[in-house]
2 protein chains.
Amino acid sequence: MERVLTAKGAATRQRIVEGAAQLIRVEGVQNVGLDDIRGASSTSKSQLFHYFPDGKADLMFAVAQYEAGQVIADQMPQLGDLTTWRKWQAWRRRVIQIYDAQRQACALSALTSQLGTANPATRDIVNALTDEWHAYLAAGVRALKESGEIDARVDVAKSAAAILAAVTGGATLLQSTDRLSYLEDALTEALDGLRRPRR
Amino acid sequence: MERVLTAKGAATRQRIVEGAAQLIRVEGVQNVGLDDIRGASSTSKSQLFHYFPDGKADLMFAVAQYEAGQVIADQMPQLGDLTTWRKWQAWRRRVIQIYDAQRQACALSALTSQLGTANPATRDIVNALTDEWHAYLAAGVRALKESGEIDARVDVAKSAAAILAAVTGGATLLQSTDRLSYLEDALTEALDGLRRPRR
DNA sequence: GCTACTCTGGACCTAGCGGTCCAATCTAGG
DNA sequence: CCTAGATTGGACCGCTAGGTCCAGAGTAGC
């Protein structure tokens with residue numbers, strides 16, 4: 001695809017992606033059709049296929065990429081600076097605040113389950129996101145370890161994975177039960193677990 | 001709904017639900033049409049609407065109920081007898097084994113995200129499942145506490161919630177990244193965390 | 001200002017799929 | 001057996017929504 005986009009074209013494309021993302025957050029993926037997106041982004045059918053030649057799948061892929069980027073961006077700057085225990089707590093509050101605000105509107109999970117986990121392109125997006133997120137958390141755990149705030153025997157990678165799973169699970173449960181407490185408890189336990197002395 | 005079902009009718013209805021559940025596990029909800037279900041269950045269109053008058057939504061609801069029951073049933077008998085540390089470990093192995101086997105085929109998550117988290121009927125199913133699962137875990141944590149295997153200061157409800165979130169998160173990550181390690185690490189950390197001394 | 005290419009509008013097409021209908025066929029109970 | 005109601009088969013319908021097409025407007029570079 002050697003597409004040449006003018007500034008105007010790029011802006012339109014971006015408007016489509018953001019409009020679609022917004023709609024999907026509110027309505028859910030399968031309740032959003034191309035005509036809805038067309039309406040929301042003030043474009044025409046031909047523009048949708050002009051910028052996304054492979055149609056809806058192509059567009060949904062772009063939206064998934066956009067949303068994956070948002071996941072990390074939303075947690076900044078806290079996620080990028082987990083160097084002290086206090087900063088970990090700040091991040092925890094930030095995460096809870098984010099998911100509390102969006103509630104059911106977790107676009108990414110909807111998208112990935114919609115685009116099909118079998119789709120390799122979709123999986124690449126999620127894998128990249130997961131890896132990046134894990135790397136930030138691992139860096140934070142390592143920092144605590146090196147500063148002596150937590151036990152030296154802590155397995156950095158595994159702890160980071162467990163914390164990531166806690167957030168994911170808490171968010172999933174929030175989405176399906178509309179209760180925030182799972183996310184709060186899961187994060188509290190996961191972080192407290194870091195500090196408890198090993199035996 | 002004063003439906004009168006003969007034994008034969010009930011069997012057909014059950015065949016439809018199980019056939020649909022099976023198909024959905026493999027293909028994903030939105031890739032399964034009524035004609036697919038008809039084929040898989042060796043029925044006709046009229047039978048689908050005979051047993052599920054409100055159409056596809058009605059059928060999907062029945063499938064979700066069926067799958068929710070499977071989640072708990074699959075973890076038995078281990079989940080029902082978490083009275084010692086060794087039994088917790090056995091449950092952990094069981095959970096990992098289950099999700100390792102089904103991989104992407106977590107039908108429930110697909111269904112709930114598909115039926116819409118907004119749908120109150122769907123939410124009731126998931127809430128009931130979550131509550132039941134949490135109750136089993138809480139009973140297990142309480143048993144450990146009473147037998148003195150873990151610290152008396154452990155908050156039973158919160159610990160159970162954290163463990164549940166660990167499983168959920170691990171399963172979600174397994175589904176989207178196809179890596180089992182998140183579930184393993186999350187469960188390991190959540191359970192180890194229980195045993196670590198409080199400060 | 002010419003030209004080539006991008007950008008835009010919207011009518012139109014079509015397949016798939018949920019849903020309807022009715023006639024035929026079993027089956028339980030008297 | 002007889003009959004009312006449950007069960008079954010499958011043709012048919014109509015809408016939704018993704019996708020196509022082409023003509024016209026805008027724009028960058030020469």
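Per chain, numbering begins at 1; letters A, B, ... match sequence-line order. Owing to the predicted nature of the structure, the values given are computational and were not obtained by experimental measurement.
When the C1' atom of dT8(D) is taken as reference, atom CZ of Arg38(B) falls 13 Å away, rounded to whole Å. The interatomic distance linking Gln47(A) (CD) with dA25(D) (C1') rounds to 12 Å, in whole Å. Between Asp36(B) atom CG and dG16(C) atom C1' there is a gap of 11 Å when expressed in whole angstrom units. Atom CE of Met60(B) and atom P of dC17(C) are 13 Å apart (whole Å). For Ile37(B) and dG18(C), the CD1 to P distance is 8 Å, given to the nearest whole Å. A straight line from CG of Leu5(A) to C1' of dG26(D) spans 16 Å, rounded to a whole angstrom.
Counting heavy atoms from C-beta on, the side chains of Lys158(A) and Thr188(B) never come closer than 4.5 Å. Proximity of Leu180(B) to Arg103(B): side-chain heavy atoms (C-beta onward) are separated by under 4.5 Å at one or more points.
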Side-chain donor/acceptor pairs under 3.5 Å, residues 66-74 of chain B, sequence neighbours excluded:
| residue | atom | partner | partner atom | Å |
| --- | --- | --- | --- | --- |
| Glu67(B) | OE1 | Arg25(B) | NH2 | 2.6 |
| Glu67(B) | OE2 | Arg25(B) | NE | 3.1 |

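Here Trp88(A) pairs with nothing under the side-chain hydrogen bond (donor to acceptor under 3.5 Å, both in side chains) rule; sequence neighbours left out. The salt bridge (charged side-chain N to carboxylate O under 4.0 Å, His left out) search around Arg15(B) returns none, not counting sequence neighbours.
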Note to self: At under 4.0 Å between heavy atoms, how does the protein contact nucleotides 22-30 of chain C? Give one character per nucleotide, 5' to 3', with B, S or -.
What the structure shows: ----SS---
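Between Thr43(A) and dT8(C) there is no side-chain N or O to OP1 or OP2 distance below 4.0 Å.
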Between the protein and nucleotides 13-19 of chain D, list the N/O to N/O atom pairs that are separated by less than 3.5 angstrom.
| residue | atom | partner | partner atom | Å |
| --- | --- | --- | --- | --- |
| dG18(D) | OP1 | Lys56(A) | NZ | 2.9 |
| dG18(D) | OP2 | Leu34(A) | N | 2.8 |
| dG19(D) | OP2 | Lys56(A) | N | 2.9 |
| dG19(D) | N7 | Lys45(A) | NZ | 3.1 |
| dG19(D) | O6 | Lys45(A) | NZ | 2.7 |

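In this structure, the helix from dG1(C)-dC30(D) to dG30(C)-dC1(D) shows an angle of 30° between the axis at its start and the axis at its end, each fitted on 5 base pairs and rounded to 10°.
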